[in-house]
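Input: a single structure, listed below in structure tokens.
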Amino acid sequence: MKNFKRIATEEAFAIPEQFDGWKKLLKKQKKYHPDLFLARAQTDGGQLSQRLLDLDDERIRIMDQAGVSMHLLSLTSTGVQMFKPDKACAIARIANDHLAEAIKRHPGRLAGLVAVAPQAPKQAAKEIERGITKLKLNGVIINSHTDGEYLDEKKYWPILEAAEALDVPIYIHPRAPAPNMAKAFKPYHLEHAIWGYAVETGLHGIRLIVGGIFDRFPKLKIVLGHMGENIPWSLYRLDWMHARASVRMDRPKLKKKPSDYFKQNF
């Protein structure tokens with residue numbers, strides 16, 4: 001293995017401002033909430049909290065011990081997507097600055113993705129430009145839905161436009177299913193990584209394809225983890241049913257087969 005360079009591509013970090021914001025949300029939220037369940041585990045002050053906040057000492061030591069050459073870092077889920085727009089934009093900006101500084105301290109060992117607040121699309125587009133052109137980060141991370149909404153919706157197109165113009169990928173990181181689809185997952189706590197993450201994130205990818213996003217933004221690149229969030233196994237069925245049902249159903253007419261977009265833009 002000496003000739004291989006290991007790059008860990010889904011490594012998380014956090015900043016105190018993000019944790020403080022989550023703690024305030026946790027105080028207000030009395031009922032179980034799947035995303036805040038994750039936030040509680042990350043902010044309890046234990047080993048996980050300490051490791052998320054550390055971009056230097058123990059992180060680099062563990063990388064060395066494991067033979068990992070580089071971490072591709074992103075602000076831990078759900079990023080800033082549960083905050084009000086102004087607060088979300090401010091924390092994202094701080095996080096990106098913090099990440100860029102860490103990369104400078106450890107050249108060749110760390111790289112990173114730009115955190116944005118999709119709930120403020122125009123500001124998010126500007127932060128993508130700043131993160132890529134000034135901070136020299138490597139792409140964008142969005143934690144799937146934002147308040148139950150997806151990137152195919154027109155209000156979010158400034159984000160897609162910015163990523164395409166700068167030729168950087170958007171990594172769609174999983175999160176628990178959106179509120180309007182969450183109820184069916186709850187009886188057995190299927191809303192987490194066991195099933196809900198892949199179903200929700202795969203839905204996001206399919207919406208981008210079937211919604212005609214790649215006809216409008218043909219050079220846009222989307223990254224999905226976890227072997228494509230179940231989409232690769234469904235491409236034949238997707239093509240077959242889309243070709244036969246589109247005449248009778250209210251979907252945009254696509255220039256290509258759904259599978260073509262997955263193969264070319266993901």
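Residues Pro158 and Ala125 share a closest heavy-atom pair of O-CB, 3.5 Å. Gly108 and Met70 make their closest contact through O-CE, 3.3 Å (heavy atoms, listed as atom of the first residue, atom of the second, distance). The shortest non-hydrogen separation linking Phe83 to Gly21 is CE2-C, 3.5 Å. Closest of all the heavy-atom pairs between His98 and Leu55 is CD2-CD1, 3.6 Å. The heavy-atom pair separating Leu73 from Ala12 by the smallest distance is CD2-O, 4.1 Å. Considering every non-hydrogen atom in both Leu72 and Gly112, the closest pair reads CD1-N, 3.7 Å.
In summary, the aromatic rings of His226 and Tyr197 are positioned with their centroids too far apart to meet the 6.0 Å limit. A distance below 6.0 Å separates the ring centres of Tyr32 and His189.
Glu200 places no side-chain N or O within donor-acceptor distance of the main-chain N or O of Ser144, the cut-off being under 3.5 Å. No donor-acceptor pair under 3.5 Å is formed between the side chain of His173 and the backbone N or O of Thr201. Glu191 contributes no side-chain N or O that, together with a main-chain N or O of Pro177, makes up a donor-acceptor pair within less than 3.5 Å. Side chain of Arg109 to backbone of Ser69: a donor-acceptor contact under 3.5 angstrom is found. Of the possible polar contacts, none joining the Glu11 side chain to the Ser74 backbone as a donor-acceptor pair under 3.5 Å is found. Panel note: side chain Asn96, backbone Ala115; a donor-acceptor pair is recorded below 3.5 Å.
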Give the intermediate values and the outcome of side-chain contact (heavy atoms from CB on, under 4.5 Å) for residues Ile159 and Ile170.
CA-CA 9 Å; Ile159 295 171; Ile170 297 175; 4.2 Å; yes
Could you go step by step and tell me if Met63 and Arg6 meet the side-chain contact (heavy atoms from CB on, under 4.5 Å) rule?
CA-CA 10 Å; Met63 288 172 65; Arg6 289 182 177 177; over 6 Å; no
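A 6.0 Å sphere centred on CD1 of Ile194 holds no more than 12 heavy atoms belonging to other residues, nucleotides or ligands. Within 6.0 Å of atom NZ in Lys126, 12 or fewer heavy atoms from other residues, nucleotides or ligands are found, so the atom counts as exposed in its surroundings. More than 12 non-hydrogen atoms from other residues, nucleotides or ligands lie less than 6.0 angstrom from CH2 of Trp157. For Arg216, the CZ atom counts as loosely surrounded, since its 6.0 Å shell holds 12 or fewer non-hydrogen atoms of other residues, nucleotides or ligands. In Asn180, the CG atom is crowded: over 12 heavy atoms of neighbouring residues, nucleotides or ligands sit closer than 6.0 Å. At most 12 non-hydrogen atoms from other residues, nucleotides or ligands lie less than 6.0 angstrom from CZ of Phe37.
To the nearest 0.5 Å, the span separating CD1 on Ile15 from CG on Leu52 amounts to 12.0 Å. Distance CG/Leu38 to NE2/His33: 11.0 Å, rounded to 0.5 Å. Atom-to-atom distance recorded for Ile103:CD1 and His71:NE2 is 12.5 Å, nearest 0.5 angstrom. Once rounded to the nearest 0.5 Å, the distance linking CG of Asp147 with CE of Met82 reads 9.0 Å. Rounded to the nearest 0.5 angstrom, Leu75 CG and Leu99 CG are separated by 9.0 Å. Taking CG of Leu26 as the reference point, atom CZ of Arg40 lies at 4.5 Å (rounded to 0.5 Å).
Between Phe262 and Leu238, every side-chain heavy-atom pair lies at or beyond the 4.5 Å cut-off. For the pair Val140 and Leu166, the minimum side-chain heavy-atom distance is 4.5 Å or more. Taking 4.5 Å as the limit, some side-chain heavy atom of Ile62 sits within range of a side-chain heavy atom of Glu58. Proximity of His204 to Leu151: side-chain heavy atoms (C-beta onward) are separated by under 4.5 Å at one or more points. No side-chain heavy atom of Asn265 sits under 4.5 Å from any side-chain heavy atom of Ile222. Side-chain contact between Thr9 and Tyr171 is absent, with no heavy atoms from C-beta onward closer than 4.5 Å. Contact of the His106 side chain with the Arg59 side chain is not registered, since no non-hydrogen atoms from C-beta on lie closer than 4.5 Å. Taking 4.5 Å as the limit, every side-chain heavy atom of Phe214 sits out of range of all side-chain heavy atoms of Gln264.
For Arg237, there are no salt bridge (Lys or Arg N to Asp or Glu O under 4.0 Å) partners two or more places apart in sequence or in a different chain. When the side chain to side chain contact (heavy atoms under 4.5 Å, CB included) test is applied to Asp44, the partners found at least two apart in sequence or on another chain are Ser49.
A donor and an acceptor atom, one from each side chain of Ser259 and Asp239, are located under 3.5 Å apart.
When hydrophobic clusters are built by joining Ile, Leu, Val, Met, Phe, Trp and Tyr residues whose side-chain heavy atoms come closer than 4.5 Å, directly or via intermediates, Leu220 is grouped together with Phe266. Val210 and Val199 fall into different hydrophobic clusters, defined by Ile, Leu, Val, Met, Phe, Trp and Tyr side-chain heavy atoms under 4.5 Å apart, directly or through other members. When hydrophobic clusters are built by joining Ile, Leu, Val, Met, Phe, Trp and Tyr residues whose side-chain heavy atoms come closer than 4.5 Å, directly or via intermediates, Tyr150 is not grouped with Ile141. Note on Ile206: it does not cluster hydrophobically with Trp195, by side-chain heavy-atom contacts below 4.5 Å among ILVMFWY residues. Residues Ile142 and Leu113 do not share a hydrophobic cluster, clusters being chains of Ile/Leu/Val/Met/Phe/Trp/Tyr side chains in contact below 4.5 Å.
Comment: Arg130 engages Asp97 in a salt bridge, judged by a side-chain N to carboxylate O separation of less than 4.0 angstrom. Note on Glu127 versus Arg93: salt bridge recorded, some NZ/NE/NH1/NH2 to OD/OE distance being below 4.0 Å.
Ring-plane geometry between Trp240 and Tyr236 is classed as parallel, the angle between the planes falling under 30 degrees on a 0 to 90 degree scale with a further cut at 60.
Sorted pairs that involve residues 14-30 and meet side chain to side chain donor-acceptor pair (under 3.5 Å), not counting sequence neighbours, are lacking altogether.
Results of the salt bridge (charged side-chain N to carboxylate O under 4.0 Å, His left out) test with Asp56 over Arg51, Arg61, Arg105, Lys104 single out Arg105 as the only residue that passes.
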